[in-house]
Amino acid sequence: MKISGHTKVVAIFGDPVEHTLSPAMHNAAFDALGMDCVYVPFHVRPNGLKGAVSGLRAMGFAGANITVPHKENVIEFLDEVDEEARVLGAVNTIVNRGGILTGYNTDGRGFVKSLKDDAKFDPKEKNVFICGAGGAARGIAFALVNAGAGPVFLYDVDGPKRDKLVLDLNTALKKDAARAEPLDPDFIRSCALVINATPLGMREGDPLPFPAYSFKKGQLFCDIIYNPPRTAAMAAAEDAGGRVLNGLGMLLHQGVLAFEHWLNVSPPVEVMRDALKQGLGEH
Ligand code: NAP
């Protein structure tokens, strides 16, 4: 990589940011395309977010990714926010067009792209059960409804958070797009697509997000965790005869969509996937 006065810079702001795999993924794509661009992580604490965002303008960065814990708070510092990110209340991608900063959210569409490309699953008119109603689940639920899934059934240990997401979906998208559900294994078995959007499974010894007998043959189970690449819940779903997908494809495709926003170029998807796998020690 040769850095010069012409090099376009894309940033990622997070707290912490040390473990992000996005620089490896995007810099591999720049190298493969021979683009004079570089993607750099910055550790930005909450009280530095406003300054960091105006720095994007001041230093003429092409754009940025925004990660935990800034996805919601960054919105007030932007000039424009696209409709999807506005409804979600969260931004993961900023594009700088001549000093005008526009926010987007590519997480949910990244998930649906992975579902279609990696698992060959079309969510149209399929019943979907999502466990967890946090930031990731919000994007996924919105994108699934927009892709024609329905209804989306939601469960979270935090009942008010789950109910707020159901209300937001039904208000912003369409009546009966989503319904609140208790954690009922018989009901989960009746859904074509089951998603774990909780952090349960990241640590060894974590309990399953729902009992193993919630899975059945023919079902697709997506665990949006990508490290470890195969969670205990994925193993249980496979034991029951189901298909599984982890969160690597979601991470990849949110990055692909962000890349397209910044540079109006289609990136080399498999180069980016390989870079992620290498970063995770899967090669
Ligand atoms: P989050 O905002 O903290 O949301 C997680 C939600 O799950 C919270 O509402 C939490 O409730 C709830 N929860 C915890 N344990 C539960 C249980 N046993 N049953 C039902 N709900 C439970 O986190 P997030 O940002 O959405 O991330 C969730 C997971 O997705 C993490 O593992 C993250 O690494 C992964 N992720 C992957 C990608 C990707 O690209 N593949 C992208 C984003 C996130 P409480 O707050 O009450 O605990």
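Remember, it's 1-based here, ligands and their atoms both numbered in the order they're listed. Side-chain atoms are counted along with the backbone in the values below, which use heavy atoms only and exclude waters and symmetry mates.
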With a cut-off of 4.0 Å, which atoms of ligand 1 are near a heavy atom of Lys161?
-> 8 (C), 9 (O), 46 (O)
Does Pro209 reach ligand 1, in the sense of a heavy atom lying below 4.0 Å from it?
-> no
Given side-chain contact (heavy atoms from CB on, under 4.5 Å), test Ile195 with Phe111 step by step and report yes or no.
-> CA-CA 11 Å; Ile195 301 166; Phe111 173 82; 3.6 Å; yes
Atoms of ligand 1 close to Ile225 [distance to a heavy atom under 4.0 angstrom, numbered from 1] = 32 (O)
Should Gly135 be counted as touching ligand 1, given the test is an N or O pair under 3.5 Å?
-> yes
Exercise check, heavy-atom protein proximity under 4.0 Å to atom 4 (O) of ligand 1 = yes
Would you say Ile224 and ligand 1 have an N/O pair spaced under 3.5 Å apart?
-> yes
Is the backbone of Ala177 close enough, under 3.5 Å, to the side chain of Asn170 for a donor and an acceptor to pair up by distance?
-> yes
Can Asp107 be said to touch ligand 1, with heavy atoms closer than 4.0 Å?
-> no
How about atom 28 (C) of ligand 1: does it have a protein heavy atom within less than 4.0 Å?
-> yes
Please say whether Ala136 places an N or O atom under 3.5 Å from an N or O atom belonging to ligand 1.
-> yes
Could you tell me which non-hydrogen atom of Tyr104 sits nearest to which non-hydrogen atom of Ala85, and how far apart they are?
-> C-CB, 3.9 Å
Is Gly247 in polar range of ligand 1, meaning some N or O pair under 3.5 Å apart?
-> yes
among protein heavy atoms, the one nearest atom 32 (O) of ligand 1 is Met202 SD, 3.1 Å
Taking distance alone, with no angle check, do Gln254 and ligand 1 share an N/O pair under 3.5 Å?
-> no
In terms of residue, atom name and distance, what is the protein heavy atom nearest to atom 45 (P) of ligand 1?
-> Val157 CG2, 4.2 Å
